[in-house]
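Working notes, structure below.
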Amino acid sequence: MSTPQTDSHSPAPVPADGSDSVRAEVQREYAAKLAQAELKAHAAQAGIKLADGFTDYLDASKLLGEDGTPSAEAIAKALEPLKPAEPEFPRLKGMGYYPGPFQPAPRVSLDIRNR
């Protein structure tokens with residue numbers, strides 16, 4: 001007996017017994033887990049450390065797009081408040097060159113003063 005060989009890159013043939021509905025149900029079931037995994041990956045790329053159990057409190061259905069797959073825009077919107085703020089450095093006067101209305105006094109060489 002020989003079994004029909006299928007290409008490993010092509011999807012398996014769908015039987016006509018209504019397994020499309022089963023496949024859709026499985027996709028809906030695992031879409032939330034996939035969205036949570038995508039959220040963790042995006043957070044890691046952005047340098048955000050999520051607390052343990054953070055994704056357990058999220059409504060993963062809000063992270064899905066119209067087609068039922070994880071939406072990058074929704075994930076970015078969920079992570080926006082958690083991004084670290086850019087540090088603001090104070091403007092230091094007297095440290096290095098500071099452009100302003102006052103020009104520094106011209107430097108006079110010691111040779112000129114001693115003559």
Side-chain angles (χ1 to χ4, degrees):
M1 287 198 212
S2 69
T3 59
Q5 303 238 345
T6 59
D7 186 15
S8 64
H9 298 292
S10 64
V14 178
D17 61 1
S19 55
D20 282 338
S21 63
V22 173
R23 185 173 293 184
E25 180 63 32
V26 169
Q27 183 178 5
R28 277 193 300 274
E29 181 180 333
Y30 284 99
K33 291 181 182 182
L34 181 61
Q36 289 178 348
E38 288 282 331
L39 178 84
K40 289 177 183 178
H42 282 254
Q45 287 177 345
I48 300 171
K49 174 137 176 50
L50 298 176
D52 293 336
F54 176 77
T55 55
D56 296 338
Y57 296 107
L58 289 178
D59 183 9
S61 65
K62 302 287 185 187
L63 301 175
L64 301 176
E66 294 291 324
D67 57 351
T69 60
S71 170
E73 293 84 22
I75 291 172
K77 187 176 178 182
L79 291 176
E80 186 65 33
L82 302 175
K83 286 187 179 178
E86 292 290 325
E88 278 192 36
F89 297 107
R91 293 186 54 97
L92 300 175
K93 294 183 180 180
M95 301 294 296
Y97 176 73
Y98 181 77
F102 303 107
Q103 296 298 326
R107 299 191 76 168
V108 179
S109 171
L110 290 175
D111 290 337
I112 295 175
R113 287 194 279 176
N114 290 334
R115 289 186 184 190

Check your understanding: Tell me the salt bridge (Lys or Arg N to Asp or Glu O under 4.0 Å) pairs involving residues 30-53, sequence neighbours left out?
Key ->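 For residues 30-53: none.
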Exercise for review: Could you check if a side-chain atom of P70 sits within less than 4.5 angstrom of a side-chain atom of L63, using non-hydrogen atoms only?
Suggested key: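 The answer is no, as the side chains (C-beta and beyond) never meet within the 4.5 Å cut-off.
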**Study point:** Contact summary for L64 and A35, nearest pair of heavy atoms
**Key:**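 Closest heavy-atom pair between L64 and A35: CD2-CB, 3.8 Å.
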Check your understanding: Minimum heavy-atom separation for A60 to A32, with atom names?
Key ->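 Heavy-atom minimum between the residues: CB-CB, 3.6 Å.
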Review point. Who passes side-chain contact (heavy atoms from CB on, under 4.5 Å) against F54, sequence neighbours left out?
Key: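 Residues passing side-chain contact (heavy atoms from CB on, under 4.5 Å) with F54: L39, L50, L58, L82.
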Point to revise | Presence of salt bridge, K77 and E80, under 4.0 angstrom | key: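 No.
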Point to revise | More than 12 heavy atoms of other groups within 6.0 Å of E25 CD | key: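 Count over threshold, so yes.
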Exercise for review: Kindly work out whether a path of hydrophobic side-chain contacts (I/L/V/M/F/W/Y, heavy atoms less than 4.5 Å apart) joins I48 to I75.
Suggested key: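 Cluster IDs for I48 and I75 match.
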Review point. Which value, rounded to the nearest 0.5 Å, describes the distance between L79 atom CG and Q45 atom CD?
Key: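 Between atom CG of L79 and atom CD of Q45 there are 10.5 Å.
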